[in-house]
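Given the structure is predicted, the values throughout are model-derived calculations rather than measurements. Order of the sequence lines sets the chain letters (A, B, ...), proteins ahead of strands, with each chain counted from 1. All heavy atoms count here, side chains included; hydrogens, waters and symmetry mates do not.
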Number of protein chains: 2
Amino acid sequence: MADGAKNQAGSSQARTGQARIPKEPAEPASETQAVQLGELSDLLGYVLKRAQLKVFEDFLSCVAPLQLTPAQFSVLLLLDNNPGRNQTEIANTLGILRPNFVSLLDSLESRGLCTRVRSPHDRRSHILVLTEKGRGVLARAKKLVVSKHESRLNELLGSDGRETLLSMLTKIAREF
Amino acid sequence: MADGAKNQAGSSQARTGQARIPKEPAEPASETQAVQLGELSDLLGYVLKRAQLKVFEDFLSCVAPLQLTPAQFSVLLLLDNNPGRNQTEIANTLGILRPNFVSLLDSLESRGLCTRVRSPHDRRSHILVLTEKGRGVLARAKKLVVSKHESRLNELLGSDGRETLLSMLTKIAREF
DNA sequence: GATGTTTGATATGATGGATAACAATTATCA
DNA sequence: TGATAATTGTTATCCATCATATCAAACATC
C-alpha cells in the first residue's frame with residue numbers, strides 16, 4: 001500500500017534575503033493533472049493505513065503536552081487497569097515483543113511514571129506498578145484524549161458512526 | 001497504542017529428543033486471569049492499528065506467491081492508472097518521501113516490473129513505465145487480492161458493511 | 001538433583017520513515 | 001543573456017519500530 005504522510009511540512013519557500021514566492025501552488029495541486037488513485041481508493045488496507053496514520057498523528061499532537069506516544073499511553077492505561085502484572089503479560093497483550101518492551105519501560109520508569117518491583121512469589125518477574133506521578137499523567141492524558149482527540153472523531157463521524165466503526169474494526173482485529 | 005502482533009508464531013515447545021508437552025495451554029490463555037484491555041478497547045486509534053496490522057498481514061500472505069508488499073503493489077497499481085508520471089508525483093500521492101522511494105523503485109526495476117525513462121521535456125525527471133512483466137504481475141496480484149483478500153473481508157463484514165467501513169475510513173483519511 | 005522452562009535483559013539485524021546535502025537540470029527575472 | 005533560485009533524483013545518515021538469538025537468574029518437573 002505504501003504509506004507515510006505526515007511529511008511535506010516544511011515551507012519549501014526560498015529563505016534567502018527577501019522571499020520570492022515564485023509559484024504559490026495555492027493547493028497541493030502541484031501536479032497539473034492530479035494523479036488518480038484508481039482502484040487504490042477501494043482497497044481497504046490502503047485506506048485503513050492512511051486513516052490510521054491520521055488518527056495517530058492527531059493523537060500525538062493532542063497528548064503532546066504530556067510527551068506520551070500512543071504506545072506509552074497504552075502501557076500506562078493497561079497498568080492502571082491491571083495491577084500486579086509483570087512485563088511479559090503486559091507486553092503480550094499489547095503485541096509488543098519482550099525485548100522491545102524493555103526500553104519502552106526504561107523510558108517510562110526513568111520519567112518516574114512506573115516502577116518495576118520484584119515479585120515475591122516469582123523472583124524472576126517484575127511486577128509493574130504505576131507511580132503517583134504516573135497516575136496523574138495518565139489522568140491528564142485521558143482527559144486530553146477524550147476532550148480533544150476522541151471528541152474530534154465524534155464530530156466527524158457522529159457518535160453512532162464512531163460506534164459502528166469501532167465494532168467493525170474490532171471484528172477485523174479479532175476474527176480476521 | 002502499542003502494536004506489533006504478527007509475532008508469537010514459533011511453537012516454543014521443547015525440541016530436544018522426545019518432546020515433553022509440559023503444559024499445553026490449549027489457548028493463548030497463558031495468563032491465569034486474562035489481562036483487561038479496559039478503556040483501550042474503546043480507543044479508536046488502538047483498534048484501528050490492530051485491524052490495520054491484521055489486514056496487512058492477510059494481504060501479504062494472499063499476494064505471497066507474487067512476492068509483493070502492499071507498498072510495491074500500490075506503486076504498480078498507480079503506474080498502471082497514471083502513465084507518464086515521474087517519481088516525485090507517484091511518491092507524493094502515496095505519501096512516500098522521495099529519498100525512500102528510490103530503493104523501492106530500484107527493487108521493482110531490478111525485477112523487471114517497471115522502468116525509469118528520462119523525460120524528453122524535463123531531463124531531470126524519470127517517467128515511470130510499467131513493463132509487460134509488470135502488467136502481468138499486477139494483473140495476477142489484483143486477482144489474488146480480489147479473490148482471496150477482499151473477498152474474505154466481504155465475508156466478514158458483508159458487502160454493505162465493507163462499504164460503510166471504507167467510506168468512514170476515507171472520511172478520516174481525508175478530513176481528519 | 002538433573003533437565004528443561006520462564007523471565008527480563010542484551011546484542012544485533014532488518015525495515016520504514018525523516019532530514020540534509022549534492023549534481024544536474026530547469027525556471028525566473030533583472 | 002546571465003545570475004540566482006528551484007526542482008529532480010540520489011546518497012548518506014539518523015531514528016524508531018520490529019524481530020531473532022542468546023544469556024543468566026530463577027523456577028518447575030520429575
Side-chain angles (χ1 to χ4, degrees), chain A residues 1-25 30 49 53 56-57 60 69-72 85-92 94-107 109 116-128, chain B residues 1-10 12-23 25 30-31 49 53 56-57 69-72 85-92 94-107 109 116-128:
Chain A
M1 272 99 191
D3 347 85
K6 186 215 285 198
N7 34 314
Q8 284 97 343
S11 79
S12 90
Q13 215 78 290
R15 285 272 158 272
T16 335
Q18 289 75 6
R20 292 222 13 254
I21 313 175
K23 272 184 174 174
E24 185 64 53
S30 268
K49 177 100 188 198
L53 288 174
F56 264 49
E57 191 184 348
L60 218 49
T69 69
Q72 292 171 329
R85 300 296 189 155
N86 64 23
Q87 296 186 199
T88 303
E89 291 171 318
I90 298 297
N92 277 343
L94 289 177
I96 302 176
L97 295 173
R98 267 103 53 212
N100 299 330
F101 194 49
V102 173
S103 65
L104 206 175
L105 268 188
D106 285 347
S107 73
E109 198 173 17
R116 294 181 237 225
V117 181
R118 285 233 107 85
S119 164
H121 308 82
D122 186 341
R123 291 184 9 226
R124 289 170 299 183
S125 62
H126 292 166
I127 301 299
L128 299 180
Chain B
M1 274 95 191
D3 347 88
K6 188 213 285 199
N7 33 314
Q8 284 98 342
S12 89
Q13 215 77 291
R15 284 274 158 269
T16 335
Q18 290 75 5
R20 288 220 16 251
I21 313 176
K23 272 182 176 175
S30 269
E31 292 90 32
K49 177 99 190 200
L53 288 174
F56 264 47
E57 191 184 349
T69 67
Q72 292 171 330
R85 300 297 189 154
N86 64 22
Q87 298 186 196
T88 304
E89 290 171 319
I90 299 296
N92 277 344
L94 289 178
I96 301 175
L97 295 175
R98 268 102 52 211
N100 299 330
F101 195 48
V102 173
S103 65
L104 206 175
L105 268 189
D106 285 347
S107 74
E109 199 173 19
R116 295 180 235 224
V117 181
R118 285 233 106 86
S119 165
H121 308 83
D122 186 341
R123 291 186 8 230
R124 290 170 299 182
S125 62
H126 293 165
I127 302 299
L128 298 180

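Which of C:dA18, C:dA9, D:dA26 sits closest to the side chain of A:Arg124 comes down to D:dA26. Proximity note for A:Leu97 (side chain, C-beta onward) versus D:dA19, D:dA12, C:dG8: the nearest is D:dA19. Among D:dT20, D:dT8, D:dT11, the nucleotide with an atom closest to any side-chain atom of B:Ser125 is D:dT8. Which of C:dT25, D:dG9, C:dA11 sits closest to the side chain of B:Thr88 comes down to D:dG9. Closest contact between the side chain of A:Asp122 and the listed nucleotides D:dA21, D:dT10, D:dC27 involves D:dC27.
Taking atom CG on B:Leu53 and atom P on C:dG16, their separation rounds to 14 Å, with Å as the unit. Remark: P of D:dT11 and CG of B:Leu105 are 12 Å apart, rounded to the nearest angstrom. With rounding to whole Å, B:Arg98 atom CZ is found 19 Å from D:dA12 atom P. Going from atom CZ of A:Phe101 over to atom C1' of D:dC18 covers 15 Å, rounded to whole Å. Rounded to whole angstrom, the span from the NZ atom of B:Lys49 across to the C1' atom of D:dC18 amounts to 10 Å. Atom CD1 in B:Ile96 sits about 16 Å away from atom C1' in D:dT10, given to the nearest Å. Straight-line distance from the CG atom of B:Leu94 to the P atom of C:dG16: 14 Å, rounded to whole Å. Separating the CG atom of B:Leu104 from the P atom of D:dT10 is a distance of 12 Å, rounded to the nearest angstrom.
The side chain to side chain donor-acceptor pair (under 3.5 Å) check on A:Arg124 picks up A:Asp122, with sequence neighbours excluded.
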Contact list (N/O, under 3.5 angstrom) for nucleotides 12-15 of chain C vs protein:
none

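Nearest heavy-atom pair, B:Phe56 versus A:Lys49, reported as atom, atom and distance to 0.1 Å: CZ-CD, 3.8 Å. Closest non-hydrogen pair, B:Val102 versus B:Arg116, comes out as O-NH2, 3.7 Å. In plain terms, the two heavy atoms of A:Thr69 and A:Leu60 that are nearest each other are CA-CD1, 3.9 Å. When all heavy atoms are compared, the tightest approach of A:Arg123 to A:Arg118 is O-NE, 2.9 Å.
Ranked by how close their nearest DNA chain D nucleotide is to the 5' end, B:Ile127 and A:Ser119 are led by B:Ile127.
Two residues are said to be in side-chain contact when any heavy atoms from C-beta on lie closer than 4.5 Å; B:Leu104 and B:Ile96 meet this criterion. For the pair A:Arg85/A:Ile127, no side-chain contact is recorded, criterion being any heavy-atom separation below 4.5 Å from C-beta on.
Close to C:dA9, at under 4.0 Å from its OP1 or OP2, lies a side-chain N or O of A:Arg116. A sub-4.0 Å separation between OP1 or OP2 of D:dT10 and a side-chain N or O of B:His126 is present.
For B:Arg123 against C:dT25, no side-chain N or O and base N or O form a donor-acceptor pair under 3.5 Å.
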